[in-house]
Protein chains: 2
Amino acid sequence: MTQRDTKDRILDAAEELFASDGYVGTSLRGITTAADVNLAAVNYHFGSKEGLLAALFERRLVPLNKVRLENIETVLREAEQKAVRPSAGEVMKAFLIPTLEFKRNAPGARHFARMIWRAFLGGDRGMQESFLTRVAPVMQRLLDGLSLALPGIPREVLAWRLRFAMGAAGQVMVHDPEQPALMTGLRLSEEVMQKELLEFVIGGLEAPHED
Amino acid sequence: MTQRDTKDRILDAAEELFASDGYVGTSLRGITTAADVNLAAVNYHFGSKEGLLAALFERRLVPLNKVRLENIETVLREAEQKAVRPSAGEVMKAFLIPTLEFKRNAPGARHFARMIWRAFLGGDRGMQESFLTRVAPVMQRLLDGLSLALPGIPREVLAWRLRFAMGAAGQVMVHDPEQPALMTGLRLSEEVMQKELLEFVIGGLEAPHED
DNA sequence: TGTTAATTCAAACGATTGTTTAAAACTTTT
DNA sequence: AAAAGTTTTAAACAATCGTTTGAATTAACA
């Protein structure tokens, strides 16, 4: 089973390099050297550099999105059964908690998390497209949930608040404890940091709205 | 005065291309073609591609930072004179309003704004460094102001909340109305969008904090 | 074990990258 | 108007990019 070995080694090296140097900033030679495989292996196993990127998305994002969507649906279903409104915090946690866990747990996933959020936050062009088409359905349901939770706030406004929340969350996702800090005084543990993110995001989502 | 003409044409073309394709994703040939100047002009006038980037920062970021810092100092000084605490909203507005205005007003500055926030949000490596060293002093004073405004919240937590706020603000800054939207239902005018950002950010900064 | 298929390998492909060169064209100064 | 300085130009530089090739090697099946 050298094949699966080679493919996985390439995927692992690629997501680490894509995360730190970006898609265009990473060369196939850099990847194959890090993975200790032949240069041609990428084109043999994945067809092209773009094919490699697609395989990375398939490996991690698809299962993650499945969990996130299920979580959101569960919150919405339970609220409906009890005939109460879900809270903005519940809805947002249904999305954010698996997302944050995903980054914290799997060691390789951490790099993928950085890569994916760089794409979202406005990074490489090619990445952004592959990424957006895959998360769009999750975002839709998330927005549905927030609409239910905060009926006093127009949907367009909520769409923007959701995007703001994503921007804030991205700061945790792209944060690398090993890298020099963006600001001094950012020395919180990952867990505390994530609790703080939830506080901030919920505070922002539920902020009073005037027309 | 063909010289100044050439330099400015290069700067204008560069900030537009850097904004949409990133630093590594943009070639000098693309820039010089768009600027309608000879390829060698970049190296002649700016020394190198990196020198061009530095010149871009110098042209826009330095004066912007000056305004932002003055605004923050004014808020802090006035609060001190009145012997009251500044509000988190006041402090944050002192930074955000010139920032958002900067994007909205100058037509070329819009591209620079996108470029700069892409750098902050985790884009190109070289950009991030040039950028961070220049905004660090502004961030420090901003954090000082927030510490005054919200004495009940530890400084490390505030540092993270500030970073979250920057992540949220980045979503407005990188937003391009001409580009396909990240989510459906994001069809607000720039002004409304900016008002919403302030609501969200202040709500997040002032969110209740538990240890 | 012999045959076929899948994988790895070194080498090269053309295209594009940032940068340099030296002559030509243009300005400014004397 | 001649000289000196500045800017523009076309051409080429070596380096690197993603991709392809065909032979060498390994694995799977008969």
Side-chain angles (χ1 to χ4, degrees), chain A residues 1-59 115 118-119 123-130, chain B residues 1-59 115 118-119 123-130:
Chain A
M1 284 293 164
T2 340
Q3 181 210 346
R4 177 123 216 102
D5 235 38
T6 301
K7 286 180 86 166
D8 275 342
R9 287 227 300 283
I10 292 173
L11 289 170
D12 291 341
E15 74 184 353
E16 179 154 4
L17 289 172
F18 284 163
S20 66
D21 301 333
Y23 178 72
V24 284
T26 303
S27 71
L28 291 185
R29 282 170 179 80
I31 293 170
T32 51
T33 302
D36 198 30
V37 299
N38 187 271
L39 168 62
V42 169
N43 289 277
Y44 177 76
H45 286 289
F46 303 101
S48 65
K49 193 184 180 184
E50 275 198 37
L52 169 59
L53 183 63
L56 279 174
F57 277 85
E58 214 60 36
R59 182 170 72 152
M115 177 189 118
R118 278 190 50 165
D124 297 316
R125 173 112 26 202
M127 263 202 208
Q128 204 159 10
E129 283 182 28
S130 321
Chain B
M1 285 293 161
T2 342
Q3 182 209 348
R4 179 122 217 100
D5 234 39
T6 300
K7 285 180 89 164
D8 274 342
R9 285 226 301 282
I10 292 173
L11 289 169
D12 291 340
E15 76 183 352
E16 178 154 4
L17 288 171
F18 284 165
S20 66
D21 301 334
Y23 179 72
V24 284
T26 303
S27 72
L28 292 185
R29 283 169 180 80
I31 293 170
T32 52
T33 302
D36 198 30
V37 299
N38 187 272
L39 167 62
V42 169
N43 289 277
Y44 177 76
H45 286 288
F46 303 100
S48 65
K49 193 184 180 184
E50 276 198 36
L52 170 57
L53 184 63
L56 279 175
F57 277 85
E58 214 59 36
R59 182 169 71 152
M115 178 189 117
R118 280 191 47 165
D124 297 315
R125 172 108 33 198
M127 264 202 208
Q128 205 159 8
E129 284 180 28
S130 321

Writing each nucleotide of DNA chain C 5' to 3' as (, ), [, ], | or . by Watson-Crick or G-U pairing under 3.5 Å yields .||||||||||||||||.||||||||||||

Rounded to whole Å, CD1 of Ile10(A) lies from P of dG18(D) at a distance of 13 Å

Heavy atoms of Val42(A) and Ser48(A) approach each other most closely as CG1-O, 4.1 Å

- request: Compare side-chain N and O positions of His45(A) against OP1 and OP2 of dA6(C) and report whether any pair is under 4.0 Å apart.
  value: no

Tyr44(B) OH to dT8(D) C1', in whole Å, measures 9 Å

Under a 4.0 Å heavy-atom cutoff, the residues of residues 28-40 of chain B touching DNA chain C are Leu28(B), Arg29(B), Leu39(B), Ala40(B)

Quiz item: Any side-chain heavy-atom pair from Met115(A) and Tyr23(A) closer than 4.5 angstrom?
Solution: no

Between CZ of Phe46(B) and P of dT8(D) the distance, given in whole Å, is 11 Å

Closest to the side chain of Lys49(A), out of dT20(C), dT8(D), dG18(D), is dG18(D)

For Glu50(A), the salt bridge (Lys or Arg N to Asp or Glu O under 4.0 Å) test, sequence neighbours excluded, returns none

Margin query: So, OP1 or OP2 of dT16(C): does either fall under 4.0 Å of a side-chain N or O from Ser27(B)?
Written below: no

Output for pair (Leu56(B) CG, Glu58(B) CD), nearest 0.5 Å, gives 10.5 Å

Pair up each side-chain donor or acceptor in residues 10-19 of chain A with any protein partner under 3.5 Å, not counting sequence neighbours, and list the distances.
{"from": "Asp12(A)", "atom 1": "OD1", "to": "Arg59(A)", "atom 2": "NH1", "distance (Å)": "3.1"}
{"from": "Asp12(A)", "atom 1": "OD1", "to": "Arg59(A)", "atom 2": "NH2", "distance (Å)": "3.0"}
{"from": "Glu15(A)", "atom 1": "OE1", "to": "Arg60(A)", "atom 2": "NE", "distance (Å)": "3.2"}
{"from": "Glu15(A)", "atom 1": "OE2", "to": "Arg59(A)", "atom 2": "NH2", "distance (Å)": "3.2"}
{"from": "Glu15(A)", "atom 1": "OE2", "to": "Arg60(A)", "atom 2": "NE", "distance (Å)": "3.2"}
{"from": "Glu15(A)", "atom 1": "OE2", "to": "Arg60(A)", "atom 2": "NH2", "distance (Å)": "2.5"}

What side-chain donor-acceptor pairs closer than 3.5 Å can you find for residues 28-37 of chain A, not counting sequence neighbours?
{"from": "Thr32(A)", "atom 1": "OG1", "to": "Leu28(A)", "atom 2": "O", "distance (Å)": "2.8"}
{"from": "Thr32(A)", "atom 1": "OG1", "to": "Arg29(A)", "atom 2": "O", "distance (Å)": "3.3"}
{"from": "Thr33(A)", "atom 1": "OG1", "to": "Arg29(A)", "atom 2": "O", "distance (Å)": "2.6"}

- Item | Phosphate-side-chain proximity, Thr6(B) and dT7(D), N/O vs OP1/OP2 below 4.0 Å | no

From CG of Asn43(A) across to P of dC17(D) the rounded distance in Å is 14 Å

CG of Asn38(B) to OH of Tyr44(B), rounded to nearest 0.5 Å, is 12.5 Å

